[in-house]
Amino acid sequence: MLSHSFYIQPDVVSLARDLLGKRLCTRIDGKQASGIITETEAYAGTTDKASHAYGGRRTRRTEIMYGEGGTAYVYLCYGMHSLFNVVTNIVGVPHAVLIRGIQPCAGIEIMMQRRKKVKKGKEFSNGPGKIAEALGIHFSHSGLSLTQTTSRISAPAIWIEEAENKTIPNEIVITSRIGVDYAGQDAKLPYRFLLK
DNA sequence: CGGCCGATCCACT
DNA sequence: GTGGATCGGCCGA
């Protein structure tokens, strides 16, 4: 499991890149599931027009981002999708990384069950709403620690760990972020990272 | 309190 | 490529 020190790194953009190839795991409703992170986006806090925390905006929803790095920021989008983000940096700096894609690893059966509307053969983990649904992550999980054990179980409900396979830098594709046209010039920033 | 909108997904053409 | 689903959050009055 990645340690607290990983999440409090000051550069959210390089941290987003470094999350590629790591394994995102959940143990929710007694079911374990995991996948290798294949797509991320960095959201750079108060100076980033695409961020919910742009301009220092603080609300009950965004308050989670102002907390210590290493917690989950999950919010409802379009009235029906939960989007999972990793909060980074120190208290008071509202940086976050949106997880947009995984390659299913363990618990594929339960993930397909959770995404049962999708016909067989269709992709079911290549978008931020899809991966949260497949992994059982809900916006009510916002604020959960990714590093601290809760109650008697041996791991958090959601955590990230190193994977065996090595990420090769030249297999990483960098583009602008998706769905943030409202952010003006900031929509063009090279803050999206994908594994080929 | 009313109204608008969104870090999306899916079905259909 | 287009449009509908669907509702919490945010803002202005």
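Values below: all heavy atoms of this structure, side chains included; hydrogens, waters and symmetry mates excluded. To find a chain, count down the sequence lines: A is the first, B the second, and so on, and within it residues start at 1.
One interatomic measurement links the two molecules: OH of Tyr73(A) to C1' of dA7(B), which rounds to 9 Å at whole-angstrom precision. Going from atom NZ of Lys116(A) over to atom P of dC10(B) covers 13 Å, rounded to whole Å. In this entry the distance linking NE2 of His138(A) with P of dG8(C) reads 10 Å, nearest Å. The separation between Arg60(A) atom CZ and dG8(C) atom C1' is 11 Å, rounded to whole Å. Rounded to an integer number of Å, the gap from Tyr54(A) OH to dC11(C) P is 14 Å. Between Tyr75(A) atom OH and dG8(C) atom C1' the separation is 12 Å, expressed in whole Å. In this structure, CD of Glu123(A) is placed 16 Å from C1' of dT8(B), rounded to the nearest angstrom. Rounded to whole angstrom, the span from the CZ atom of Phe193(A) across to the C1' atom of dA7(B) amounts to 16 Å.
Using a 4.0 Å cut-off, some side-chain N or O of Arg115(A) falls inside it from OP1 or OP2 of dC10(B). Residue Arg100(A) places at least one side-chain N or O under 4.0 Å from the OP1 or OP2 atom of dT8(B).
The stretch residues 83-99 of chain A touches DNA chain B through Leu83(A), Asn85(A), Leu98(A), each having a heavy atom under 4.0 angstrom from the strand. The stretch residues 128-137 of chain A comes close to DNA chain B through Pro128(A), Gly129(A), Lys130(A), each having a heavy atom under 4.0 Å from the strand.
The other members of the hydrophobic cluster of Val173(A), by chain and number, are Leu194(A) (side-chain heavy atoms under 4.5 Å, ILVMFWY only). Other residues sharing the hydrophobic cluster of Leu83(A), ordered by chain and number and joined by side-chain separations under 4.5 Å: Tyr43(A), Ile64(A), Met65(A), Tyr73(A), Tyr75(A), Val87(A), Leu98(A), Val180(A), Tyr182(A).
Evaluation of the salt bridge (Lys or Arg N to Asp or Glu O under 4.0 Å) rule for Arg17(A) yields no partner, not counting sequence neighbours. Applying the side chain to side chain donor-acceptor pair (under 3.5 Å) test to Asn89(A) and every residue at least two apart in sequence or in another chain returns His95(A).
Between the CG atom in Leu2(A) and the CG atom in Leu15(A) there is a gap of 9.0 Å [rounded to 0.5 Å].
At the heavy-atom level, Arg177(A) lies nowhere under 4.0 Å from the strands shown.
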Report each atom pair, protein N/O against N/O of nucleotides 1-6 of chain C, whose distance is under 3.5 angstrom.
residue, atom, partner, partner atom, Å
dT6(C), O2, Tyr78(A), O, 2.7

Just the table, please: protein N/O against nucleotides 1-4 of chain B N/O, every pair under 3.5 Å.
none

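For Glu162(A) and Lys22(A), the salt-bridge test passes: some basic side-chain N is under 4.0 Å from an acidic carboxylate O.
Comparing Gly127(A) and Leu76(A) against DNA chain B, the residue whose closest nucleotide sits nearer the 5' end is Leu76(A).
The neighbour count for Gln32(A) CD, taken as heavy atoms of other residues, nucleotides or ligands under 6.0 Å away, is above 12. Sparse packing is recorded around CG of Asp29(A), with 12 or fewer heavy atoms of other residues, nucleotides or ligands lying under 6.0 Å away.
Using a 4.5 Å cut-off between side-chain heavy atoms of Ile, Leu, Val, Met, Phe, Trp and Tyr, with links allowed through other members, Ile108(A) and Ile131(A) fall into the same hydrophobic cluster.
Distance alone, capped at 3.5 Å, places no donor-acceptor pair between the Ser176(A) side chain and the Leu189(A) backbone. Between the Thr46(A) side chain and the Tyr54(A) main chain, no donor and acceptor come within less than 3.5 Å of each other. With hydrogens and angles ignored, the 3.5 Å screen pairs no side-chain donor or acceptor of Arg23(A) with any backbone N or O of Glu164(A). Listed for the Arg114(A) side chain is a donor-acceptor partner under 3.5 Å among the backbone atoms of Ala134(A). A distance-only check finds a donor-acceptor pair linking the side chain of Arg57(A) to the backbone of His52(A) [under 3.5 Å].
Evaluation of the salt bridge (Lys or Arg N to Asp or Glu O under 4.0 Å) test over residues 58-87 of chain A, restricted to residues two or more places apart or in two chains, returns Arg58(A)-Glu63(A). Note on residues 70-79 of chain A: no pairs pass salt bridge (Lys or Arg N to Asp or Glu O under 4.0 Å), not counting sequence neighbours. Applying the salt bridge (Lys or Arg N to Asp or Glu O under 4.0 Å) rule to pairs touching residues 89-113 of chain A yields Glu39(A)-Arg100(A), Glu41(A)-Arg100(A), sequence neighbours excluded.
Stems are defined here as 3 or more consecutive Watson-Crick or G-U wobble pairs with pairing distances under 3.5 Å; those involving DNA chain B are B:1-6 with C:7-12, B:8-12 with C:1-5.
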